[in-house]
Visitor: 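Below is the structure I would like to discuss, written out as C-alpha cells.
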Amino acid sequence: MRALQTAEPILEFQRTPVEIMHEVRERAAFVCDVGSPPELLAARFPHHDFKHLPSPWWSERVETLEATQLRADNFRALMATRDDAKTTLLVSHWAFILALTGKSLSNGDIFEYDPMVGRPKQIDWES
C-alpha cells in the first residue's frame with residue numbers, strides 16, 4: 001500500500017500503465033512491512049489490477065537477507081530482458097532497493113538504475 005501511495009502523485013502527473021509486482025515487496029522485517037490482501041488493495045486502488053497476486057503475497061516471516069537478494073537478482077534479470085527497462089519507474093521499499101542497487105536510499109529519493117549492472121559487490125544492511 002505504501003508504494004502505491006507513493007506512486008499516486010506521479011501517476012496524476014503522468015498517466016502510465018502500472019504493473020503490480022509482488023517480487024519488489026519489502027522484507028517484512030517490521031509490522032509496517034506486512035502487505036495488504038489483494039482485495040483490500042483493489043478496493044483502495046480500483047484502477048490497478050491485483051488479481052495475479054497470491055494471498056498472502058508477502059513473506060509470513062522475516063525474509064532472510066539471502067532471499068531478499070535472490071528476489072532482487074531475479075528482478076534485475078527480468079528487467080534486463082525488457083524493452084521498457086530504461087523508462088520504467090520502480091517504486092519499492094528500502095531493503096529491496098538496497099539488495100537491488102547496493103544503495104541505502106531515504107524515503108522519496110530518486111535513483112537512476114541500470115538493470116544491466118550486476119549484483120552489488122557489497123551491501124551494508126546496517127545503514
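All values below were derived from every heavy atom in this structure, side-chain atoms included, with hydrogens, water molecules and symmetry-related copies excluded.
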Visitor: Do I123 and Q69 come within less than 4.5 Å of each other through their side chains, counting heavy atoms only?
Guide: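 SC-SC contact between I123 and Q69 confirmed.
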
Visitor: What is the minimum heavy-atom distance between T68 and R27, and which atoms define it?
Guide: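 T68 and R27 have their closest heavy atoms at OG1-CG, 3.0 Å.
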
Visitor: Quick one: does L11's side chain get under 4.5 Å of T16's, heavy atoms only?
Guide: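 They are in side-chain contact.
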
Visitor: Quick one: pull up NE2 in H93 and CG in N107 and give me the separation to the nearest 0.5 Å.
Guide: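 Rounded to the nearest 0.5 Å, the NE2-CG separation comes out at 10.5 Å.
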
Visitor: Once rounded to the nearest 0.5 Å, what's the spacing between atom OG of S92 and atom CD of E26?
Guide: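 One finds 7.0 Å between OG of S92 and CD of E26.
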
Visitor: Report whether M21 and Y113 are members of the same hydrophobic cluster (ILVMFWY, side-chain heavy atoms less than 4.5 Å apart, transitive linking).
Guide: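 Result: yes, single cluster for both.
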
Visitor: Working to the nearest 0.5 angstrom, can you tell me the gap between T101 OG1 and L90 CG?
Guide: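 If we round to the nearest 0.5 Å, T101:OG1 and L90:CG are 9.5 Å apart.
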
Visitor: Salt-bridged, E23 to R76, with N to O below 4.0 Å?
Guide: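 So E23 does not pair with R76 through a salt bridge.
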
Visitor: Could you tell me which non-hydrogen atom of L105 sits nearest to which non-hydrogen atom of W94, and how far apart they are?
Guide: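 Scanning both residues, the minimum pair turns out to be O-CD1, 3.4 Å.
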
Visitor: If every non-hydrogen atom of H22 is compared with every non-hydrogen atom of R71, which pair is closest and at what distance?
Guide: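 Distance-wise, the nearest heavy atoms are O-NH1, 4.4 Å.
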
Visitor: To the nearest 0.5 Å, what is the distance between CG on N74 and CG on L100?
Guide: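 With rounding to 0.5 Å, CG (N74) is 11.0 Å from CG (L100).
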
Visitor: Heavy atoms only: give me the nearest L98-P120 pair and the separation to one decimal.
Guide: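 Closest approach of L98 to P120: O-CG, 4.3 Å.
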
Visitor: Would you give the length of the straight line joining atom CG of D49 to atom CD1 of I20, rounded to the nearest 0.5 angstrom?
Guide: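 If I round to the nearest 0.5 Å, the distance is 8.5 Å.
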
Visitor: F45 vs H47 aromatic rings, parallel, tilted or perpendicular, using cut-offs 30° and 60°?
Guide: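 The rings of F45 and H47 stand perpendicular, inter-plane angle above 60°.
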
Visitor: Would you find more than 12 non-hydrogen atoms of other residues, nucleotides or ligands less than 6.0 Å from D109 atom CG?
Guide: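 Buried by this count: over 12 neighbours within 6.0 Å.
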
Visitor: Step by step, would you call K103 with I97 a side chain to side chain contact (heavy atoms under 4.5 Å, CB included)?
Guide: CA-CA 7 Å; K103 306 286 183 197; I97 294 170; 5.6 Å; no

Visitor: Would a hydrophobic clustering, with Ile, Leu, Val, Met, Phe, Trp and Tyr connected at side-chain separations under 4.5 Å, put V91 with F96?
Guide: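 No; tracing contacts between hydrophobic side chains, which count when under 4.5 Å, never links both residues.
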
Visitor: Would a distance-only check, ignoring hydrogens and angles, find a side-chain to backbone donor-acceptor pair under 3.5 Å from T64 to A67?
Guide: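 Between the backbone of A67 and the side chain of T64 there is a qualifying donor-acceptor contact (under 3.5 Å).
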
Visitor: With a sphere of 6.0 Å drawn around CZ of F111, does it hold more than 12 non-hydrogen atoms of other residues, nucleotides or ligands?
Guide: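 For F111, atom CZ is crowded (more than 12 foreign heavy atoms under 6.0 Å).
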
Visitor: May I ask you to decide whether K51 forms a salt bridge with E39, counting only side-chain N to carboxylate O separations under 4.0 Å?
Guide: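 No, no charged N to carboxylate O under 4.0 Å.
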
Visitor: Are L40 and W58 linked, directly or through other ILVMFWY residues, by side chains that come within less than 4.5 angstrom of each other?
Guide: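 Linked, L40 and W58 end up in one cluster.
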
Visitor: What closest approach, in Å, do D84 and T88 show between heavy atoms, and which atom pair accounts for it?
Guide: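 In terms of heavy atoms, the two residues are closest at O-OG1, 2.6 Å.
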
Visitor: Is there a path of hydrophobic side-chain contacts, each under 4.5 Å between heavy atoms, that joins L78 and M116?
Guide: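 Different hydrophobic clusters.
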
Visitor: Quick one, K86 with E112, criterion salt bridge (Lys or Arg N to Asp or Glu O under 4.0 Å). Give me CA distance, side-chain angles, the key distance, then yes/no.
Guide: CA-CA 9 Å; K86 290 185 180 188; E112 189 169 342; over 6 Å; no

Visitor: Would you name the heavy atoms of P115 and A85 that are closest together and state the gap between them?
Guide: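 Scanning both residues completely, I find the closest heavy atoms to be CG-CB, 3.9 Å.
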
Visitor: Are V18 and F50 linked, directly or through intermediate hydrophobic residues, by side-chain heavy-atom contacts shorter than 4.5 Å (ILVMFWY only)?
Guide: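 Same hydrophobic cluster.
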
Visitor: Mind checking the CZ-CG spacing from R119 to L70? Nearest 0.5 Å is all I need.
Guide: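 Rounded to the nearest 0.5 Å, the CZ-CG separation comes out at 8.0 Å.
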
Visitor: Counting distance only, does the side-chain N/O of S55 pair as donor-acceptor with the main-chain N or O of P37 below 3.5 Å?
Guide: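 A pair under 3.5 Å: no.
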
